[in-house]
Each structure stands twice: as C-alpha cells, then as structure tokens.
Number of protein chains: 2
Amino acid sequence: MNFMTQNQAMKISKSDRTRAHILEAARLLFAEHGYDGASIRDVAAHASIDPAMVIRYFRSKDELFARAAVVDLHLPELRVIDRAAIGETLIRRFLEIWEGPASGPGMTILLRSAMSNDFAAEKLREVFANQVRPVVAAVGDPADAGRRAGLVSSQLLGLAMCRYLLRLPPVVALSHDELVRNVGAALQHYVTGEDQS
Amino acid sequence: MNFMTQNQAMKISKSDRTRAHILEAARLLFAEHGYDGASIRDVAAHASIDPAMVIRYFRSKDELFARAAVVDLHLPELRVIDRAAIGETLIRRFLEIWEGPASGPGMTILLRSAMSNDFAAEKLREVFANQVRPVVAAVGDPADAGRRAGLVSSQLLGLAMCRYLLRLPPVVALSHDELVRNVGAALQHYVTGEDQS
DNA sequence: TGCATTTGTCAACAGTCGTTGGCATATGAA
DNA sequence: TTCATATGCCAACGACTGTTGACAAATGCA
C-alpha cells in the first residue's frame with residue numbers, strides 16, 4: 001500500500017491539516033471579535049499561513065464563517081425526563097454548552113455576530129427552529145410550542161449574552177447553583193406553565 | 001435686538017439644525033446596522049450633507065456614536081409600588097421603552113453594537129450599574145441587589161434581542177398580555193424571590 | 001457697500017478589506 | 001530522473017474606510 005492510497009483512505013493529507021488549522025483559527029477569532037472584527041488576514045496570521053490560502057481552502061469569507069458557525073446543542077429529549085426537573089435539566093445543559101470543555105465556540109460565534117450580520121442572525125434562527133423548538137414541543141401542548149420555546153430562548157440567550165459576551169459583573173459572578181435555582185425555576189415555568197419545587 | 005443675540009439666546013442657529021440632522025441620521029443608521037455597519041458616508045448621505053461635515057460637527061466617528069448612544073430608561077421607583085406588581089411594572093416599562101412612541105432608539109443602538117464593540121459594551125454595563133441596579137436595590141436586600149438586577153437584565157436584554165434585533169418569529173408574535181403574564185412573573189420572582197399569583 | 005465668520009463642498013490622504021492571478025517550491029508517482 | 005500535482009508565497013487589484021486641508025459660497029454685522 002503506497003502513501004497516496006493510504007492518505008486517500010485515512011483522509012489526512014497535508015491540505016486537510018492546513019484546512020483544519022485555518023478553521024480552528026477562524027473559530028477562535030470569529031468568537032472573539034465577530035464577523036466584521038475578524039479579518040481574513042488575522043485568521044491567516046493565526047494559522048501561520050498566507051491570506052490567499054484561506055480563500056483557496058474556503059471560497060470566501062462568508063463560506064469560512066458558515067463552516068465556523070456550525071452548532072449542535074445536543075439538547076436532551078425532555079419526554080424521558082421527570083417533568084418537574086425540566087427547568088433544571090435545561091439550565092444544566094446550557095452551562096455545559098457554554099462552559100463545558102467538550103463544546104466548541106459555535107454558539108459564541110453565532111451570538112457575537114447575530115446582532116449586526118444577517119447571515120449569522122438567520123443561522124441562529126435556524127438553530128432555534130431546528131433544535132430548540134422541537135425539544136420544547138415534545139412536552140406540553142405542541143400548538144404553543146413556539147411561544148414556550150421563544151420564552152426559553154429569550155432567557156437563555158439573554159443569560160449567555162450578559163454572562164459570556166457582555167460580561168456583566170454580577171451575572172458573571174453567579175454560581176452554577178444560583179443559576180440552576182433561579183433561572184431553572186423560570187425555565188420550568190416557561191416550558192410547563194407550572195412552578196418548580 | 002439683532003439676529004445674532006437672538007440666536008445666541010434661543011440656541012437655534014443653522015449649525016444647530018444641521019447638527020441635529022446629522023445626529024438623527026446617525027441614530028437611525030447605528031440602530032439599524034450597528035457601529036461597523038454604519039459608515040460616516042452613509043450618515044452624511046442620510047443627512048444630505050458632505051461626509052467632512054460629520055467630522056467637523058462631531059470630532060470623530062467614536063464621538064458621534066457616543067452622542068447617539070445616550071440612554072435614559074426612566075425606570076419607576078419600585079419602592080412606591082405594590083410589591084406584588086413589581087414584575088408587571090417592569091415588563092410594562094420595558095415595552096414602553098422598546099415600542100412606545102416617545103423613546104428613541106438609544107437601547108437598540110447600544111444593544112446592536114455591544115456584542116462586537118467594546119465602547120458600546122462598556123456603555124451598556126454603565127446603564128446597568130447606574131439605572132437598573134439602583135432601582136432593584138431599592139427593594140429587598142441591597143446586599144444581593146447585583147444578583148437580582150443581573151437576573152432581571154439577562155431576561156429583559158434577552159427578550160429585547162430575540163424580539164427586536166434577532167426577530168425570532170415566535171417571540172415577535174407574543175402579545176403584550178402574554179409578555180406581561182409570563183415574563184412579568186419571572187421578573188417578579190427574580191426581584192423579590194416570591195411568585196406572582 | 002465691504003468684510004469676517006460661518007457653513008459647506010471637493011479631492012485626496014493613508015490605511016484596511018476581500019479577493020485574484022502569477023510564480024515558486026515541495027511532494028510523490030512514473 | 002522526469003514530470004505532474006499539491007501546496008504555498010507574493011504582489012497587486014479595486015473598493016471602502018475615517019479623516020484632513022484647501023477652497024468656495026453664504027451669512028450677517030460694520
């Protein structure tokens with residue numbers, strides 16, 4: 001077996017590694033400075049490569065952003081969960097997404113740019129429609145799932161914004177326990193119409 | 001009494017009118033497209049004037065933005081309000097600020113740019129510290145006013161973001177009554193630690 | 001009428017941006 | 001070795017940015 005067929009089979013050519021480096025740099029910079037604030041030249045510098053290569057690997061800045069802004073929330077199925085623990089489950093998953101070691105900066109990228117970039121805004125609306133709303137619709141009346149999912153999202157996106165992007169000091173200072181107790185109760189109310197505890 | 005002294009006394013020279021036109025155009029465009037998305041040339045075009053004049057009247061784009069991003073929430077004093085109606089009072093004032101005819105686009109300007117512009121973010125943190133937090137501190141234990149005001153802000157900024165900037169369809173569709181009932185209850189819980197009935 | 005001040009236009013500056021095409025080098029198959 | 005391909009650098013393009021200084025017109029007081 002020669003090198004060529006080996007590379008084709010294992011999918012780890014040199015170009016693949018460069019491609020991954022560029023994407024990693026892009027995700028970092030888009031998350032930190034937003035779509036406008038992160039230039040292709042910045043991304044190239046962070047990937048130790050020429051700016052022209054960024055365009056060669058990804059056809060344009062828009063396409064690079066689209067590849068960087070991929071999000072999978074991995075929300076739990078609320079049907080199989082104790083109905084009284086839905087609020088707590090959601091806020092715990094939220095903290096995992098934003099502070100856990102496994103999840104990438106996808107949501108940071110999207111949220112940072114969604115206020116001033118139409119593409120990011122549309123992508124964020126898609127995350128809501130495809131990942132949040134169906135999960136909420138699985139419990140309670142599906143007819144007003146939009147309303148309940150919208151309320152949940154307004155609270156959680158607001159919390160993410162204040163805690164991780166705006167860095168409002170008192171919100172940054174909130175402990176996980178405080179968040180689970182306070183925000184968890186509000187989410188519980190939004191999703192089920194009932195109170196926690 | 002000649003024109004000069006009249007103008008000096010009444011403060012309505014031609015330059016003042018031009019200045020106001022520029023500021024009005026800037027507030028509109030900053031609110032719609034954010035700090036980066038609104039160029040000085042755009043502002044000048046909307047004010048039907050040369051771009052150089054924008055710099056002459058306001059020394060720089062930063063200073064123009066600072067003048068445009070002035071916010072006064074006019075929050076009510078919660079002490080003089082029925083304790084059980086605090087949540088409803090807050091959400092009603094929120095709707096007045098964002099949808100009422102009297103209030104300008106100040107908060108839209110700030111929120112739209114705060115995710116990717118450090119100055120706007122700092123300005124928004126100041127609004128929280130100087131206008132939101134003191135109001136919440138007037139009821140309940142002042143020691144944890146930061147925590148309670150932070151929770152309130154996360155919910156209300158999240159709602160503003162989803163409803164007015166991101167325009168998440170189900171959140172846009174929420175009626176005032178639904179918002180008062182659902183979000184009002186959550187705010188009541190955040191501020192007082194008690195539930196609305 | 002003159003004249004100084006205000007108000008405004010125009011052209012250009014230095015810089016950054018996304019993007020492109022040409023050319024060099026390295027790689028690996030024949 | 002020979003040669004095609006993959007990978008990369010360099011220079012430049014056209015467009016846009018905030019900002020500046022020189023000059024023109026309008027204004028209003030003497």
Side-chain angles (χ1 to χ4, degrees), chain A residues 1-23 25-26 29-30 33-69 113 116-120, chain B residues 1-23 25-26 29-30 33-69 113 116-120:
Chain A
M1 181 184 271
N2 59 28
F3 284 128
M4 187 51 183
T5 48
Q6 196 179 43
N7 284 342
Q8 279 178 337
M10 303 171 65
K11 292 271 194 191
I12 44 148
S13 61
K14 191 172 186 215
S15 75
D16 284 333
R17 260 187 292 119
T18 311
R19 194 183 182 80
H21 283 157
I22 295 173
L23 190 58
L29 292 176
F30 280 141
H33 303 112
Y35 181 87
D36 285 321
S39 70
I40 285 198
R41 284 173 169 85
D42 290 339
V43 172
H46 259 72
S48 304
I49 210 171
D50 192 88
M53 298 306 292
V54 177
I55 297 293
R56 264 247 276 266
Y57 277 90
F58 306 82
R59 290 164 30 99
S60 66
K61 187 183 183 181
D62 288 326
E63 201 156 316
L64 174 63
F65 184 81
R67 296 278 179 182
S113 298
S116 51
N117 180 276
D118 284 341
F119 176 81
Chain B
M1 180 185 271
N2 60 29
F3 285 129
M4 185 52 182
T5 47
Q6 196 179 40
N7 284 342
Q8 279 177 338
M10 303 170 65
K11 293 273 195 196
I12 43 147
S13 58
K14 187 172 186 214
S15 76
D16 285 332
R17 261 187 291 121
T18 312
R19 195 183 181 84
H21 283 156
I22 296 173
L23 190 58
L29 292 177
F30 280 142
H33 303 112
Y35 181 88
D36 285 320
S39 72
I40 285 198
R41 282 173 170 84
D42 290 339
V43 172
H46 259 74
S48 305
I49 209 171
D50 193 89
M53 297 306 291
V54 177
I55 297 294
R56 263 245 280 265
Y57 277 91
F58 307 82
R59 290 165 28 99
S60 67
K61 187 183 183 181
D62 288 327
E63 200 155 315
L64 174 62
F65 184 81
R67 296 279 179 180
S113 299
S116 51
N117 181 276
D118 284 343
F119 177 81

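Below, chains carry the letters A, B, ... as their sequence lines are ordered, and counting in each starts from 1.
Between the CD1 atom of Ile40(A) and the P atom of dC13(D) there is a distance of 20 Å, rounded to whole Å. The nearest whole Å value for the distance from the CG atom in Asp36(B) to the C1' atom in dT16(C) is 12 Å. For the pair Leu64(B) CG and dG18(D) C1', the computed distance is 12 Å after rounding to whole Å. Taking atom NE2 of His21(A) as the reference point, atom P of dT7(D) lies 14 Å away to the nearest angstrom. Rounded to whole Å, the distance from CE on Met53(B) to C1' on dT19(D) is 14 Å. Taking atom OH of Tyr57(B) as the reference point, atom C1' of dG8(C) lies 8 Å away to the nearest angstrom. For the pair Ile55(A) CD1 and dA11(D) P, the computed distance is 19 Å after rounding to whole Å. Here the C1' atom of nucleotide dT17(D) and the NZ atom of Lys61(B) are 8 Å apart, to the nearest Å.
Residues from residues 41-49 of chain A placing a heavy atom under 4.0 Å of any atom in DNA chain C, listed by number, are Arg41(A).
Toward the 5′ end of DNA chain C lies the nearest nucleotide of Pro51(B), the other residue of the pair Ser60(A) and Pro51(B) mapping further downstream.
Listed candidates were dC10(C), dT19(C), dG18(D). Nearest to the side chain of Asp50(B) is dC10(C). When distances run from any side-chain atom of Ala52(A) to the nucleotides dG18(D), dC9(D), dG18(C), the shortest one goes to dC9(D).
Ile22(B) and Met53(B) make their closest contact through CD1-O, 4.2 Å (heavy atoms, listed as atom of the first residue, atom of the second, distance). In plain terms, the two heavy atoms of His21(B) and Ala47(B) that are nearest each other are O-CB, 4.1 Å. When all heavy atoms of Ala38(A) and His33(A) are compared, the pair lying nearest together is N-CB, 4.1 Å.
Taking CZ of Phe119(B) as the start and OG of Ser113(B) as the end, the distance is 10.5 Å to the nearest 0.5 Å. For the atom pair Asp50(A) CG and Ile55(A) CD1, the distance stands at 11.0 Å (nearest 0.5 Å).
Side-chain N/O atoms of Thr18(A) include none lying less than 4.0 angstrom from OP1 or OP2 on dT7(D). Contact annotation: Ser39(A) side-chain N/O to dT16(C) OP1/OP2 distance is not under 4.0 Å.
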Next on the checklist: Does Tyr57(B) form a side-chain contact (heavy atoms from CB on, under 4.5 Å) with Leu23(B)? I'd like the steps, not just the answer.
Outcome noted: CA-CA 10 Å; Tyr57(B) 277 91; Leu23(B) 190 58; over 6 Å; no
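Counting non-hydrogen atoms of other residues, nucleotides and ligands closer than 6.0 Å to CZ of Arg19(A) gives a total above 12.
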